[in-house]
Amino acid sequence: MIKGVMQRLPVLILVMFLSACINTFTPVNSDFRAKGKTLAVIAGLDNQANLAAAQYMTDALKKNSRFQVLSQKQVAQALSGYPTPIQGPYKTAYFEIETDYTKTDIKRIKTIQQKLGVDYVYVLWTPSETVYNEKIHQLNIIAQMFESPNAREVGNGKFGATAGRTDCCLVPAPGDKDKADALKDMSEYVAKEIAEKTGMQKKTATSER
Amino acid sequence: MKRAIGFRMSSIKIVLTAAGILGMLSGCGVHKPFAPLNDNVQFKTGSLAVISGDSSEPTVALAQYLTQELKQRSVYRVMGQEEIARRVGKYPVTIKRAPPEKEDRPVWFAKGEKSKLDAMQAQLKTDYLLVIWTLNLRKMVVTSQQGGSRVTYSAWVAGNLLEYPKSRAVGYSDFGNQKNQSCCLFGKSEGDDINELLKYSAKELADEFMAATKSEKPAK
């Protein structure tokens with residue numbers, strides 16, 4: 001029993017460490033309030049996971065905020081060749097994302113913002129996935145929100161979508177559905193945080209009275 | 001959607017005894033940084049573009065390092081990665097791989113994917129395309145029974161050299177390397193260590209490529 005716990009200790013420590021590092025959305029200025037209403041979610045990379053993340057975040061922001069969110073279809077129609085990789089805010093991201101906010105290709109984001117004609121673009125990058133003992137899969141995500149017209153950064157976040165909670169040999173490795181569910185859940189959570197921290201949360205019937 | 005989250009760029013293996021890692025590494029017998037696909041291939045000098053076979057960070061970095069190596073050390077006129085992106089428009093794009101028909105002389109790209117490479121070459125107009133992929137970038141943490149742990153990074157490289165205007169594969173790469181994590185006293189990050197691993201793989205591929213094509217710049 002003790003041996004089993006000791007064997008799993010490194011994984012437990014890693015998972016606890018990763019959970020502690022979540023930054024869902026931090027406004028650059030703490031008193032930030034969204035001035036505009038229109039928003040587009042952009043996949044910063046062209047891998048399948050990034051496209052899925054952009055889709056789920058689009059759905060989650062539509063559901064949980066007062067932003068008028070462009071659909072991914074509308075984004076693709078407006079930006080030829082979408083998605084194309086955009087240099088993100090990191091130095092390297094082979095496993096952990098080594099953040100460097102000076103690296104983001106602001107020029108590209110400004111162009112995207114102008115083409116879409118939205119007040120805000122929220123760009124998501126999923127440069128890497130980390131797998132622990134084949135049983136715990138974490139998609140590493142970094143995001144930035146920019147305000148038009150000059151693509152000024154108004155907020156950012158760094159978080160992960162984790163599928164699988166234990167590396168116990170009796171528990172099967174998470175499948176594609178588990179990973180999709182983890183990404184969906186995380187998108188819901190982050191979207192609520194974004195809505196709250198930008199003053200764009202949906203008003204409930206009680207609060208409207 | 002099923003495949004949407006199914007990609008796998010990297011993984012961490014936590015192994016509790018050294019036996020596990022030794023067993024894994026000893027299973028990897030092939031180490032061909034570059035070799036001709038058949039013995040009768042005649043290489044010519046001319047122009048060459050290193051093509052990143054997907055948009056993952058390690059493959060893009062490897063393409064950049066390999067371009068630098070070949071530019072500096074070979075007689076080929078090697079096109080820069082920025083110039084490739086400028087000419088092709090959407091670059092890098094994924095060139096899908098498939099299990100090769102001949103494992104000892106692999107052609108990695110899937111059927112139907114060669115048209116993507118041909119279309120790129122039509123824009124680049126180089127004599128050769130050297131398309132590369134990185135596979136299975138891994139971080140292995142080996143924890144000993146006595147406490148303490150050791151971290152090793154490893155990555156596999158696959159590649160094919162295509163000759164134009166014949167539009168045929170004439171060479172391949174199929175090899176892996178590993179690197180131990182630097183001592184924390186050196187102040188290197190994980191990214192720095194993996195960059196070094198990829199640089200080493202690029203150098204090794206360039207060495208073998210220049211040997212096979214007899215294209216090393218003469219020493220001054």
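This structure is a prediction, so every number in the text was calculated from the model and none was measured. Letters A, B, ... mirror the listed sequences (proteins, then strands); counts begin at 1.
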Check your understanding: Judged by atom type as modelled, is there a donor-acceptor pair below 3.5 Å linking the side chain of B:E190 to the main-chain atoms of A:E96?
Key -> yes
Review point. Counting N and O atoms only, with roles assigned by atom type, does the side chain of A:E98 sit under 3.5 Å from a partner on the main chain of B:G191, one being a donor and the other an acceptor?
Key: yes
Check your understanding: Would you call B:D193 and A:Y94 a side-chain contact if the rule is heavy atoms closer than 4.5 Å?
Key -> no
Check your understanding: Quick one: does B:D192's side chain get under 4.5 Å of A:K91's, heavy atoms only?
Key -> yes
Check your understanding: For chain A, which residues from residues 84-93 of chain B have at least one heavy atom closer than 4.5 Å to it?
Key -> B:K90, B:P92
Review point. Which residues, numbered in order, of residues 194-203 of chain B come under 4.5 angstrom of chain A by heavy-atom distance?
Key: B:I194, B:N195, B:L198
Report, as yes or no, whether the 6.0 Å neighbourhood of atom [atom1] on [X] holds more than 12 heavy atoms from other residues, nucleotides or ligands.
X      : atom1 : value
B:Y164 : OH    : yes
B:K116 : NZ    : yes
B:E82  : CD    : no

Revision key, fill the gap. OG1 of A:T130 to NZ of B:K139, rounded to nearest 0.5 Å, is 8.0 Å
Revision key, fill the gap. Rounding to 0.5 Å, atoms CG (A:N47) and CG (B:D54) come to a distance of 9.5 Å
